[in-house]
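Just so you know, these numbers come straight off a predicted model, no measurement behind them.
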Amino acid sequence: MGTGLHAFCRSVVLALVLGAGAAPAFPEDVDASPGNYRARLSALGPGVTLRLAAGDYRDGLPVHGLMGTPQEPIRIVAADPLRRPRFLAGPGRNTVSIVDSAHVEIRGLEIDGQGVAVDGVKAEGHARWAHHITLEDLRITGHAADQQTVAISTKCPAWGWVIRGNEIAGAGTGLYLGNSDGSAPFFEGLIEGNIVRDTIGYNLQIKHQGVRPPNLGHGPVSALTIIRHNTFSKTGNSSGGKAARPNVLVGHQPPQGPGRDDVHVLYANLFLGNPGEALFQGEGNIALYSNVFVNPDGSAIVVQPHNGVPRSVEIVANTVLAREVGIRLRGADPSRPQRVEGNAVFAGLAMEGGQWPENVVGPVSAARTHVKSLTVSPETLDATPLPALRKASATLSWRVPTFPDGQLDLTGVARTSRVAGAVDGFSRGP
């Protein structure tokens, strides 16, 4: 399931890039090679595309002070999408370094950390901001020097980012968005179609936020960060003991002021395997729906206080298999709404922290009679409901989520019934 989705996303990206390459070249296009690309970065302005030839690039990619526009972004792309430029890490600098830049798109690169303790892509902590940055179809490997080595990191205020169709394999941490003290908010982002696997720590963490700094170009009081169609897998290489981390953790939004009602929206993702922690942990405002969680070694969904408390929470129509806790929701703000409905949960302890009758629950052993195949392998995972699950769902009256694509199941098909779990259909395949 996950592999097919990633292949589809990558094929769309390649089709778009190849299509652009087939058209007449814009006069603003700049061709570059490993020998001259640093000098040609200075030529980049709105509407200009830097086309990088195949080869090994050893001097990093400083995206510093590059300002595109919404209508005319700056693009840094592979000249030939089938032959990736390869950026090699070096000591003392992050490979793709972003400072005070906006409306920049980076596509089709390979970033090899070579085991050096530097980050692959980083919006630097000394930057004022980095907004509307697109990272697409990147292949990031070799960033596992330690758990603090990150494939994609933001350490300054960052908003409007698109992180799409990338593959991150074996990093210390896959994506670490924000700062540990809440001072570098990441918001209004779109994280979709990525495969993040075999990280030592988090596949993805979005840090909690304090009151937002003044003069940021943020949008409305209530905005969404959408996380969809990703595979988050920690079946190998994961740390244990006190160093163990969930696959995904999302922190709370600002306690007051702009962004206080923002929501982290996670749907149609695969969360697969974690030997030492839960698959997902969150607080603040969360919408979690139409996902599949499979953890034969521990818990699946944990929503509880971390740096703040859970606020408005929807956990709806997920398929869950967990040896320990299936869904935990506790410590939430009683003045905010929370609901847990339409989930199919097969776990050692299905629900913890409340009574939620609008779900189908059972022991781990019941999963094989209710869902076709719940495994940690994307190649064999199939969340199609079996007749027993359809029958058990017949008395439920749960409501679909109120967020984007809430009426669709994991496969993108409109829900026509109220079958519990991520997939509504009877035999649509994986």
Search all heavy atoms of Thr235 against all heavy atoms of Leu272 and return the closest pair with its distance.
CG2-O, 3.7 Å
Can you tell me if Arg245 and Thr199 form a side-chain donor-acceptor pair at under 3.5 Å?
no
Where is the tightest heavy-atom contact between Gly108 and Pro85, given as atom of each residue plus distance?
O-CD, 3.7 Å
Locate the shortest heavy-atom distance separating Leu177 from Ile191; write the atom from each residue and the value.
CD1-CD1, 3.8 Å
Is it the case that over 12 heavy atoms from other parts of the model lie below 6.0 angstrom from the CZ atom of Arg93?
yes
Test item: side-chain donor near acceptor, Tyr267 and Asp405, under 3.5 Å:
yes
Starting at CZ of Arg107, measure out to OG1 of Thr49 and round the result to the nearest 0.5 Å.
9.0 Å
Those residues at least two apart in sequence (or on a different chain) that pass side chain to side chain donor-acceptor pair (under 3.5 Å) with Arg75 are Glu105
Stepwise salt bridge (charged side-chain N to carboxylate O under 4.0 Å, His left out) test for Asp119 and Lys155
CA-CA 12 Å; Asp119 293 345; Lys155 285 294 180 288; over 6 Å; no
Is it true that the side chains of His264 and Gln253 contain a donor and an acceptor less than 3.5 Å apart?
yes
Just by distance, do the side chain of Arg336 and the backbone of Asp333 share a donor-acceptor pair under 3.5 Å?
no
Minimum heavy-atom distance between Leu389 and His370, given as atom pair plus value
CB-O, 3.3 Å
Would a line drawn from the ring center of His131 to the ring center of His103 be shorter than 6.0 Å?
yes
Please confirm whether the backbone N or O of Thr416 pairs with a side-chain atom of Asp424, one donor and one acceptor, at under 3.5 Å?
yes
Could you grab the distance from atom CH2 of Trp161 to atom OG1 of Thr134, nearest 0.5 Å is fine?
9.5 Å
If you compare all heavy atoms of Asn194 against all heavy atoms of Ile163, which two are closest, and at what distance to 0.1 Å?
ND2-O, 3.0 Å
Start with the C-alpha gap between Arg84 and Asp137, add the side-chain angles, then the distance that decides, and say whether salt bridge (charged side-chain N to carboxylate O under 4.0 Å, His left out) holds.
CA-CA 10 Å; Arg84 294 174 181 270; Asp137 191 32; 3.1 Å; yes
Criterion salt bridge (charged side-chain N to carboxylate O under 4.0 Å, His left out) on Asp56 and Arg58, from CA distance to verdict
CA-CA 6 Å; Asp56 287 344; Arg58 300 180 182 276; 3.7 Å; yes
For Ser183 and Pro213, the nearest pair of non-hydrogen atoms, with its separation, is O-CG, 4.3 Å
Check whether any side-chain N or O of Asn274 sits under 3.5 Å from a backbone N or O of Leu279 as a donor-acceptor pair, and report yes or no.
no
With no hydrogens and no angle check, do the side chains of Asn203 and Arg197 hold a donor and an acceptor under 3.5 Å apart?
no
In chain order, what residues pass the side chain to side chain donor-acceptor pair (under 3.5 Å) check against Ser239, with sequence neighbours excluded?
Gln147
Using the six-membered ring of Phe346, assess whether NZ or CZ of Arg368 lies under 6.0 Å from its centre and within 45 degrees of the ring axis.
no
Approximate separation, where rounding is to 0.5 Å, of Leu249 CG and Phe280 CZ:
7.5 Å
Take Thr380 and Thr375 through the side-chain hydrogen bond (donor to acceptor under 3.5 Å, both in side chains) test and state the conclusion after the steps.
CA-CA 7 Å; Thr380 57; Thr375 73; 2.7 Å; yes
Under the side chain to side chain donor-acceptor pair (under 3.5 Å) test, residues paired with Ser238 that sit two or more places apart
Lys234
Just checking, any donor-acceptor pair under 3.5 angstrom between side chains of Glu379 and Ser377?
yes
Answer with yes or no whether the side chains of Thr402 and Glu314 bring together a donor and an acceptor at under 3.5 Å.
yes
Could you verify whether a donor N or O on one side chain and an acceptor N or O on the other, from Ser97 and Asn94, lie under 3.5 Å apart?
no
Exercise: do Asp409 and Ser290 side chains pair donor with acceptor under 3.5 Å
no
State whether Trp356 and Arg339 meet the cation-pi test: NZ (Lys) or CZ (Arg) under 6.0 Å from the six-membered ring centroid, and within 45° of the perpendicular axis.
no
Pairwise distance CZ(Arg128) to CD(Glu124) - rounded to 0.5 angstrom:
15.0 Å
Please check: side-chain N/O of Gln281 versus main-chain N/O of Gln304, any donor-acceptor pairing under 3.5 Å?
no
Find the distance between CD (Gln338) and CZ (Arg330) and round it off to the nearest 0.5 Å.
14.5 Å
